[in-house]
Participant: 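Just passing along the structure, written as structure tokens.
Naming convention: chains lettered A, B, ... in sequence-line order (proteins, then strands); numbering from 1 in each chain. Computed over heavy atoms, backbone and side chain alike; hydrogens, waters and symmetry mates excluded.
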Amino acid sequence: MFPIVEAEFLAPDVKRFVIGAPRVAKKRKAGQFVIVRLHAYGERIPLTIADSDPEKGTVTLIVQGIGKTTKLLNMLGAGDVILDLVGPLGKPSDIELYGTVVVIGGGVGAAIAYPTARAMKDAGNHVISIVGARNKELVILEQEIGAISDELLITTDDGSYCRKGFVTDQLKALIESGRQIDFVLAIGPPRMMQAVAETTRPHAIKTVVSLNSVMVDGTGMCGGCRVLTTQGTQFACVDGPEFDAHQVDFELLIQRNRTYLKQESEALQRFLEQPKRDVDLVSESCRLEQEHPEVRCEAYPS
Amino acid sequence: MNANSPKPPLSNKERVKIPRQHMPEQDADRRRRNFEEVNQGLTVLGATTEALRCLQCTTPKCVSGCPVGIKVKDFVALIVAGDYLKAAAKIREDNILPAITGRVCPQETQCEGCCILGNKFEPVGIGYLERFVADYESASGQIGLPENAPSTGKKVAIVGSGPAGLSAAGDLVQKGHQVTVFEALHEIGGVLLYGIPEFRLPKEIVRREVDVMRAMGVDFQTNVVIGKTVTIDELMNEEGYDVVFVATGAGLPKFLAIPGENLNGVYSANEFLTRVNLMRAKDFPEYDEPVYDCRGKDVAVVGGGNTAMDAVRTASRLGAKTSYLIYRRSEAEMPARTEEAKHAKEEGITFLCLTNPVAFLGNKESFLESVRCIKMELGEPDASGRRSPKPVPGSEFELPIQVAIIALGTEANPLVQSTTPDLKTTRKGYIAADPETLKTSKRGVFAGGDIVTGAATVILAMGAGRKAAASIDQYLQSGEWDGAPN
């Protein structure tokens with residue numbers, strides 16, 4: 001079991017968790033993810049690791065409450081435990097000295113982009129970060145990203161904070177200003193990543209996106225996360241999650257992510273009407289953990 | 001018949017006259033819509049009668065037909081004597097998971113296939129009897145656990161908790177070694193949990209067997225992906241393991257590489273079965289993980305092996321209106337167990353043999369609507385000895401389906417191999433291991449089961465696990481590393 005050590009809201013429905021997972025913390029590199037299952041009746045969902053502390057044995061996840069599982073997770077706090085957490089999965093980001101790198105994070109994607117932006121900075125790149133959100137309230141990690149970026153540009157859809165517009169408007173402006181851009185990383189909703197890909201394609205700027213397809217095991221066993229690229233069918237969990245944006249079939253990705261729309265909304269509806277059952281199931285995990293230490297997952301030094 | 005009174009010995013002539021006992025089954029019309037076990041198990045009378053059919057051969061061929069060499073003759077004699085617990089203990093000497101193999105082994109090509117009675121009559125129902133004593137033992141609560149040898153102080157890491165890993169763990173812990181089994185998923189059992197459906201192998205039985213092993217002292221750790229969470233080198237150099245046994249099983253699902261394969265509603269059998277079995281999507285929304293709603297839908301499974309049978313029978317139980325099995329050869333070449341094919345047919349599965357999909361077609365929302373197939377005919381035997389199918393020109397037809405499940409086998413998952421640089425692999429990416437010692441190219445590392453042989457059966461994996469355990473024990477005692485592949 002995996003104890004939640006810290007938890008705090010960064011924005012409405014966006015929560016930052018520090019979770020004890022020593023082995024994962026030790027191995028994790030920027031760009032990798034974990035799969036979590038909250039309780040014995042829960043589903044397995046992938047979440048990108050935002051940060052890790054190998055000394056303390058913790059990983060940081062930043063979670064936007066969208067579906068049932070993420071909304072339930074966001075109801076948990078320090079002292080609760082997560083039943084299952086496995087990782088680090090997927091390939092780490094390709095960190096190289098490119099020159100000038102633009103890192104784009106849309107919504108909670110900013111949290112996922114942050115560790116790679118930091119690694120890019122550490123590798124000696126000039127990092128321009130573009131953080132986009134629907135409104136001022138939803139802008140997250142402004143200070144953290146600002147601290148590791150040479151330039152930080154913020155956009156809001158409604159203009160309630162900084163520049164009004166989309167991240168692609170900002171990116172276009174950068175490109176049109178004639179600045180040399182050697183590499184773009186874009187993480188956010190699929191439509192945003194697709195728009196970024198189309199913005200950089202005519203300029204042949206190498207662009208990488210992190211794909212969030214539906215997964216079960218996360219180790220290549222089920223093939224549910226398959227994405228079509230110009231290289232053929234790939235598995236996001238083991239071949240990704242990062243792919244060359246100019247090679248990805250985004251329409252297919254978006255369609256595949258809609259496979260369980262009906263069940264997802266049914267599950268969410270039921271949960272919102274009766275959240276107690278699931279919250280109790282999480283507490284049940286805590287109790288079982290104490291009563292049956294022999295049936296352990298990963299030992300956490302207490 | 002009173003078990004305590006001496007039985008008049010039957011002559012062989014009398015024995016062969018006893019008909020083979022039928023396995024009581026759940027009625028096909030009822031079971032095709034539920035997930036309860038199909039086979040209900042023999043009664044005491046049925047088991048005793050079946051056991052009496054055994055001729056107690058001087059040189060029993062059934063034993064050599066068993067990949068783990070279960071002393072069939074002896075345990076069957078113990079059933080006749082009415083000592084079911086001793087019979088179970090006798091099986092456990094060679095097979096740590098009798099309740100499982102009694103249900104899923106292809107007995108017709110192994111022990112029963114070698115049974116001398118089968119030449120003129122029907123073979124002894126050895127699988128039925130194995131299952132009977134295992135279930136009897138379990139219901140009695142008196143599991144005949146063999147004593148563990150005194151601790152050797154040696155540490156063994158086993159990668160994967162499927163049949164190969166579990167059987168190796170059972171043997172090694174008995175020999176006094178400290179055994180830890182690492183599992184990538186959140187529950188122990190590997191393919192026994194995520195792959196084989198409830199109606200063929202109730203998950204409760206797997207959990208029970210795992211609990212027995214835990215009681216024997218095996219340490220299980222879930223949520224650890226070897227190659228990602230920890231590497232083999234780290235296990236050996238930092239965590240102090242003397243030996244690692246890699247039993248990660250078959251890995252990546254194969255697809256057909258035809259148009260439309262990424263449409264919504266097209267699954268690999270691995271994904272479909274994992275959702276339903278491990279994640280319990282059949283009980284959605286009580287369980288969170290969804291599976292495509294098969295109720296009232298037309299579902300086609302592509303393939304002819306046991307996994308294909310499991311998938312198509314699962315689809316039927318999820319409420320499919322029509323469940324098709326599409327197989328490119330004829331029924332005679334189907335690799336599935338005879339019993340599975342028989343059960344599937346009884347449950348109303350439509351077999352479309354000598355048929356091959358050429359494209360999946362979807363609607364504008366990318367949901368599957370139909371499959372285009374072509375008829376096949378059999379040509380000359382190929383390398384596998386089976387007659388190879390060839391398409392019949394102009395025979396294409398379209399079949400409306402909303403769910404397709406591809407069950408064409410698997411390829412090697414490279415997770416362990418790619419993160420263990422000095423571990424040699426075969427051309428197809430499986431781990432190269434000596435067939436007798438299961439030693440790999442890396443000192444202290446053994447490998448067995450599907451990750452060495454490619455996809456096979458539960459019992460073959462268990463056989464590999466036992467073989468590995470013996471070889472590991474020998475290495476731990478002698479410290480000698482030879483016989484590894486170059």
Side-chain angles (χ1 to χ4, degrees), chain A residues 2 21 23-24 26-27 32 34-35 37-45 67-69 72 83-90 216-228 232-233 235 238 249 251-252 254-256 258-260 262-264 266-267 270-271 278 294-299, chain B residues 184-188 194 211 214 219-225 227-231 234 248-255 257 261-275 278-281 283-293 362 364-367 406 410 413-415:
Chain A
F2 301 83
R23 275 186 171 139
V24 183
K26 196 174 146 204
K27 288 307 276 291
Q32 291 186 295
V34 290
I35 284 187
R37 192 176 74 123
L38 298 184
H39 58 59
Y41 292 72
E43 61 180 339
R44 293 169 65 97
I45 60 160
K68 172 185 171 173
T69 300
L72 171 63
L83 185 58
D84 298 297
L85 181 150
V86 61
L89 301 170
V216 184
D217 63 292
T219 62
M221 188 264 276
C222 87
C225 64
R226 54 197 193 275
V227 292
L228 190 62
T233 295
F235 293 175
V238 287
D249 183 338
E251 292 303 327
L252 188 81
I254 290 163
Q255 291 298 352
R256 282 189 65 80
R258 296 172 61 88
T259 305
Y260 300 108
K262 211 179 105 222
Q263 286 101 324
E264 283 162 4
E266 183 190 337
R270 285 171 66 105
F271 169 66
D278 287 273
E294 77 282 6
V295 189
R296 70 203 165 93
C297 303
E298 189 179 359
Chain B
L185 290 165
H186 55 262
E187 240 189 295
I188 298 296
Y194 75 74
D211 283 343
R214 204 173 263 130
D219 174 36
F220 290 103
Q221 292 194 29
T222 52
N223 295 316
V224 182
V225 182
K228 287 287 183 186
T229 316
V230 191
T231 62
E234 286 165 339
T248 46
L252 311 176
K254 275 189 211 162
F255 287 93
E261 203 152 40
N262 294 324
L263 290 167
N264 293 350
V266 182
Y267 284 104
S268 73
N270 271 5
E271 181 183 5
F272 182 74
L273 290 171
T274 301
R275 284 181 180 275
L278 176 74
M279 303 309 297
R280 312 270 295 262
D283 299 321
F284 179 89
E286 190 191 358
Y287 285 78
D288 288 340
E289 194 84 47
V291 69
Y292 204 95
D293 190 350
K364 61 179 191 304
E365 276 89 37
S366 292
F367 280 84
I406 316 294
T410 52
N413 190 326
L415 268 181

Participant: Taking Asn413(B) for the side chain and Thr219(A) for the main chain, is one N or O donor matched with an acceptor at less than 3.5 Å?
Facilitator: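 Yes, the answer is positive, given that a donor and an acceptor are paired below the 3.5 Å cut-off.
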Participant: Between Val291(B), Leu278(B), Asp293(B), Thr410(B), which shows the greatest number of heavy-atom pairs under 4.5 Å with chain A?
Facilitator: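 Counting heavy-atom pairs under 4.5 Å, the top option is Val291(B).
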Participant: Heavy atoms only: give me the nearest Cys222(A)-Ser268(B) pair and the separation to one decimal.
Facilitator: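 So the minimum-distance heavy-atom pair works out to O-OG, 2.6 Å.
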Participant: Between Glu289(B) and Arg44(A) (side chain of the first, backbone of the second, donor and acceptor by atom type, cut-off under 3.5 Å), is there such a pair?
Facilitator: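 Checked: pair present.
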Participant: So which of Ala269(B), Pro285(B), Pro253(B) has the biggest tally of heavy-atom pairs under 4.5 Å with chain A?
Facilitator: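 Maximum pair count with chain A is reached by Pro253(B).
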Participant: Check whether any side-chain N or O of Lys228(B) sits under 3.5 Å from a backbone N or O of Val24(A) as a donor-acceptor pair, and report yes or no.
Facilitator: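 Not a single qualifying donor-acceptor pair exists.
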Participant: Report which part of Lys364(B) has an atom under 4.5 Å of a heavy atom belonging to chain A: side chain, backbone, both, or neither.
Facilitator: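 The answer is the backbone of Lys364(B).
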Participant: Quick check: does any side chain N or O of Asn264(B) sit under 3.5 Å from a backbone N or O of Arg258(A), one acting as donor and the other as acceptor?
Facilitator: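 Not a single qualifying donor-acceptor pair exists.
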Participant: Within the side chain of Arg23(A), is there an N or O that forms a donor-acceptor pair under 3.5 Å with the backbone of Val230(B)?
Facilitator: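 Side chain of Arg23(A) to backbone of Val230(B): no pair is present.
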Participant: Between Asn262(B), Val225(B), Leu252(B), who has the most heavy-atom pairs with chain A when the cutoff is under 4.5 Å?
Facilitator: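 The candidate making the most pairs under 4.5 Å is Asn262(B).
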Participant: Tell me, out of Tyr287(B), Phe272(B), Phe284(B), who's got the most heavy-atom pairs with chain A below 4.5 Å.
Facilitator: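 Highest number of pairs under 4.5 Å: Tyr287(B).
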Participant: Under a 4.0 Å N-O cut-off, is there an ion pair linking Glu234(B) with Lys27(A)?
Facilitator: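 Yes, this pair counts.
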Participant: Using a 3.5 Å distance criterion without hydrogens, assess whether the side chain of Glu43(A) forms a donor-acceptor pair with backbone atoms of Pro290(B).
Facilitator: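 Not at all, since once roles are kept as given, no pair shorter than 3.5 Å links the two residues.
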Participant: Run the side chain to side chain donor-acceptor pair (under 3.5 Å) check on Thr222(B) and Asp84(A) step by step: do they pass?
Facilitator: CA-CA 8 Å; Thr222(B) 52; Asp84(A) 298 297; 4.6 Å; no
Participant: Determine whether a donor-acceptor pair (N or O, by modelled atom type, separation under 3.5 Å) exists between the side chain of Asn270(B) and the backbone of Met221(A).
Facilitator: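 Looks like yes, one N/O pair under 3.5 Å.
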Participant: Tell me, for Phe255(B) versus chain A, whether the close heavy atoms (under 4.5 Å) come from the side chain, the backbone, both or neither.
Facilitator: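 For Phe255(B), side-chain heavy atoms alone lie under 4.5 Å from chain A.
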